[in-house]
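Just so it is clear, the structure is predicted and the values come from calculations on it, not from any experiment.
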Amino acid sequence: MIRVAQGALTGFIAAIFEAAGSSSFEAERIATHLVEADLLGHDSHGVMRVPIYCAWLDAGKVSPNRRARLIFDRGPMLGFDGDFGFGQVIGHDAMEAAAARARETGVAVVAVRNSGHLGRIGAYAEQLARAGMVSLHFVNS
């Protein structure tokens, strides 16, 4: 078994994504998400995905430096297009909007389309829990 410090591994993974064209913000978000997935025992959604994500970049299946783009806003319902950006950024953006809207209206229903792999979905429930929210998440592929 090889042990690597969390910070060192996160930095290494972030450097890979920066070299592949991601901004430092995006690279850090992806790396943090992948390393945390491994630390929480969700290896299938962790660092092992780096080569897959890089292959998707090379094939044009995912695009760097995209943010969630609002495509509809109907009170408590929001829809976002990810423009095939990395899901770790798109998902985080959408959950920030969900929390803000739920504070305004009491509830939020948020849909995301055209996003790259979102990673460990529990991260988004945890993000909303830290914001004082309860959430349900549904995905398809």
Do R69 and D93 pass the salt bridge (charged side-chain N to carboxylate O under 4.0 Å, His left out) test, and can you show the C-alpha distance, the side-chain angles, and the key distance before you say yes or no? CA-CA 9 Å; R69 180 172 50 85; D93 287 351; over 6 Å; no
Taking a hydrophobic cluster as the set of Ile, Leu, Val, Met, Phe, Trp and Tyr residues connected by side-chain heavy atoms closer than 4.5 Å, whether directly or through intermediates, do L34 and I2 fall within one such cluster? yes
So, for Y124 and M95, which heavy atoms are closest and what is the spacing to 0.1 Å? CB-CG, 3.6 Å
Does a side-chain heavy-atom distance below 4.5 Å link V109 with P76? no
Looking at S135 and L128, what are the two nearest heavy atoms and their distance? CB-CD1, 3.5 Å
Shortest non-hydrogen pair, G87 vs S115, comes out as CA-OG, 3.3 Å
I90 and side chain to side chain contact (heavy atoms under 4.5 Å, CB included): which single residue from D83, N114, V112 fits? V112
Please tabulate, for the side chains in residues 8-32, all donor-acceptor contacts under 3.5 angstrom to protein atoms that are two or more places apart in sequence or on a different chain.
from	atom 1	to	atom 2	distance (Å)
T10	OG1	Q6	O	2.9
S22	OG	E26	OE1	2.6
S23	OG	E26	N	3.1
S23	OG	N65	OD1	3.3
E26	OE1	N65	N	3.0
E26	OE2	N65	N	2.9
E28	OE2	T32	OG1	3.3
R29	NH1	H92	ND1	3.0
R29	NH1	H92	NE2	2.9
T32	OG1	E28	O	2.8

Could you list the donor-acceptor pairs under 3.5 angstrom formed between side-chain atoms of residues 42-55 and any protein atom two or more places apart in sequence or on another chain?
from	atom 1	to	atom 2	distance (Å)
R49	NE	S44	O	2.9
Y53	OH	Q88	NE2	3.0
Y53	OH	H117	ND1	2.7

Do V4 and L39 sit in one hydrophobic cluster, given that two such residues count as connected whenever their side-chain heavy atoms are within less than 4.5 Å of each other, even indirectly? yes
Looking only at heavy atoms, which two atoms of V110 and A98 are closest? And how far apart? CG2-CB, 3.5 Å
Please give me the minimum heavy-atom distance between A102 and M133, naming the atom from each residue. CB-SD, 3.8 Å
Kindly compute the distance separating CH2 (W56) from CZ (F86), expressed to the nearest 0.5 Å. 9.5 Å
Linking I/L/V/M/F/W/Y whenever their side-chain heavy atoms sit closer than 4.5 Å, directly or via other members, would M77 and F80 fall into one cluster? no
Using the side-chain hydrogen bond (donor to acceptor under 3.5 Å, both in side chains) criterion, which residues pair with R120? Sequence neighbours excluded. E126
